[in-house]
*Asks:* 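Structure incoming, see below.
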2 protein chains.
Amino acid sequence: MSKNPEPLRLDALQAACASCNLRELCLPMGLAPEAVERLDDLIGLRRRVRQGELLFDAGAPFEALFAIRSGFFKTTIGTEDGREQVTGFQMSGDLLGLDGIGPGRHDVRAVALEDSSVCVMPFASLERLAVDLPDLQRSLHRFMSREIVRDHGTILMLGTLRADQRLAAFLVGLLQRLSRRGYSSQALVLRMTRDEIGSYLGLKIETVSRMLGRLQDEAVIAVHQREVSVLQPERLRRLAEGAD
Amino acid sequence: MSKNPEPLRLDALQAACASCNLRELCLPMGLAPEAVERLDDLIGLRRRVRQGELLFDAGAPFEALFAIRSGFFKTTIGTEDGREQVTGFQMSGDLLGLDGIGPGRHDVRAVALEDSSVCVMPFASLERLAVDLPDLQRSLHRFMSREIVRDHGTILMLGTLRADQRLAAFLVGLLQRLSRRGYSSQALVLRMTRDEIGSYLGLKIETVSRMLGRLQDEAVIAVHQREVSVLQPERLRRLAEGAD
DNA sequence: CGTCTCCTTGAGGTTGGTCAAACCAGGTGG
DNA sequence: CCACCTGGTTTGACCAACCTCAAGGAGACG
């Protein structure tokens, strides 16, 4: 079933960015309408990725960047000896594949955590187009740079925070990004398992579970399976900032 | 003393990249000679940074990228509440400031760990030039992407390795980069303090000291103050890979 | 020779990991 | 409708790794 070729879909040929409500969050951010139109031409197709399927694997040749239209992904990095870690979670408007530009191969593996759809932007064309459109160039730079900044945040988290603080930082970060997309900033549904959260935070699943339990005991959050709601936003934020 | 303006130096006006022995490691990597020449024009000046001095501070407006000609830097990220962490160490041929492109302000603070000299590349000019020189564009992308990949490595290290393995990974990484620059791959002089190593690795100084001691006891390395030499490269490498 | 910074070493405590068992929600099939 | 299975999650007891606190050593510099 998972090997079935995706049947051609009507929307695969629709105009993209110009009518996309993620315009102001995604790569075309701040571009002039004509520029957006040319970017549209470049986006040959959309691709659907079902929950659990790979968008791309680590080591695969890098050919395109992917902009998430809808859905949710995780990226993981692995080593020969079997160590594996989640490096991030991506949602609508985020770009996937930036790490492949340098080496020409993907550095991470991208897996859909729910049924998703992405815009495929062949990188060679994108680079060519960017020569004509300095704004596009700048936007691309901004996205790469933002990825670096985000990674620095992750490094700081892993290097300096305790387990409960990491969890708080994780929740605060997710909520922030969700609220920018119009969702509540008080409640969310986790798209990933405890195990994946743990991998991202450098913790074991048992610790994740215990810390969620503790935060709940202290009435900072309420947890029901994958639904989390924040009861004391201020306290959660302070925890995430490293306050004792 | 540290506030003295640097006296004008002759070499501040010399042609740069074309005659630089870091050409094949640095931004001009793989560029055609004409392109290198135009890049040279752009590099208005060099800047010397003494040991302990800031190249730029976090939050400062981003105006230029810096290519390290000689010397050694650390970059640190900090938060209001005083947490601070080293995000990386940079040596000749490395680019500093990439994280500032997106937000328009530097995300990290760059401090020289020894007397250093950098090429200043005003970013606005660089971006303009890159429109004319697709190869330069590509090189810039490669560097940004490489930074992302490097950060992923750091994340993996912080998330999955034990203290001794982190230290091994740190040493292996440094040695690799040094050997690419013509230095020995068996021995090195640490440019940073134990404290800075610990900050980078997410460990306390005492743990760094103990782990260095342990690796020495097991005759994997020999340590004399800041000089480290590798006695069993293979074992060190395996440790760094996460082998038990 | 004193002082400063950086580093090492030891004793004891805390955090998070390991191992093992049980739980729970959602599906499947009788 | 219920028994059973499955994957994901929770919980407890125990332990190892790392941190904290405190003391002392070693080199550099005035």
*Asks:* Salt bridge between A:R162 and A:D244, side-chain N to carboxylate O under 4.0 Å?
*Replies:* yes
*Asks:* How about B:T193 and B:D195: does a side-chain donor come under 3.5 Å of a side-chain acceptor?
*Replies:* no
*Asks:* What is the 5' to 3' range of DNA chain C, first to last nucleotide, that sits under 4.0 Å from any heavy atom of chain A?
*Replies:* C:dG16 to C:dA25
*Asks:* Quick one: label A:R226 by what it contacts on the DNA or RNA (base, sugar-phosphate, nothing), any heavy atom closer than 4.0 Å.
*Replies:* sugar-phosphate
*Asks:* Within the 4.0 Å heavy-atom criterion, would you say B:G202 contacts the bases, only the backbone, or no part of the nucleic acid?
*Replies:* sugar-phosphate
*Asks:* Using whole Å, what does the distance between atom P of nucleotide D:dG27 and atom CD of B:E227 come to?
*Replies:* 12 Å
*Asks:* When you measure from the centre of the six-membered ring of A:F143, is the NZ or CZ of A:R146 closer than 6.0 Å and no more than 45° off the axis?
*Replies:* yes
*Asks:* Under 4.0 Å, counting only non-hydrogen atoms across every strand here, what does A:L203 touch: a base, just sugar-phosphate, or nothing?
*Replies:* sugar-phosphate
*Asks:* To the nearest Å, give me how far apart CG (B:L158) and C1' (D:dC18) are.
*Replies:* 15 Å
*Asks:* Side chain of B:R210 only, please: which of D:dT11, D:dT9, D:dT20 is the nearest?
*Replies:* D:dT20
*Asks:* Can you tell me how far P of D:dA17 sits from CE of B:M211, to the nearest Å?
*Replies:* 9 Å
*Asks:* Does a side chain donor of either B:H106 or B:D57 reach within less than 3.5 Å of an acceptor in the other side chain?
*Replies:* no
*Asks:* Atom NZ of A:K204 and atom P of D:dT9: how far apart are they, to the nearest Å?
*Replies:* 15 Å
*Asks:* Mind calculating the distance between CD (B:E206) and C1' (D:dC19) to the nearest angstrom?
*Replies:* 7 Å
*Asks:* To the nearest Å, how far apart are A:Q225 CD and D:dG8 C1'?
*Replies:* 10 Å
*Asks:* Taking all non-hydrogen atoms of both residues into account, name the closest pair between A:I101 and A:M144 and its distance.
*Replies:* CD1-CE, 3.7 Å
*Asks:* Taking the minimum atom-to-atom distance to the side chain of A:S209, which one of D:dA22, D:dC18, D:dT10 wins?
*Replies:* D:dT10
*Asks:* In whole angstrom, give the distance that lies between atom CG of B:D195 and atom P of D:dT20.
*Replies:* 12 Å
*Asks:* Taking B:T76 for the side chain and B:Q85 for the main chain, is one N or O donor matched with an acceptor at less than 3.5 Å?
*Replies:* no
*Asks:* Compute whether any side-chain donor of one residue and acceptor of the other, for A:T87 and A:T75, lie under 3.5 angstrom apart.
*Replies:* yes
*Asks:* Where the side chain of A:I205 is defined as all heavy atoms beyond and including C-beta, which of D:dT10, D:dC19, D:dA13 is the nearest nucleotide?
*Replies:* D:dT10
*Asks:* Quickly work out the A:E196 CD to D:dG8 P distance and round it to whole Å.
*Replies:* 8 Å
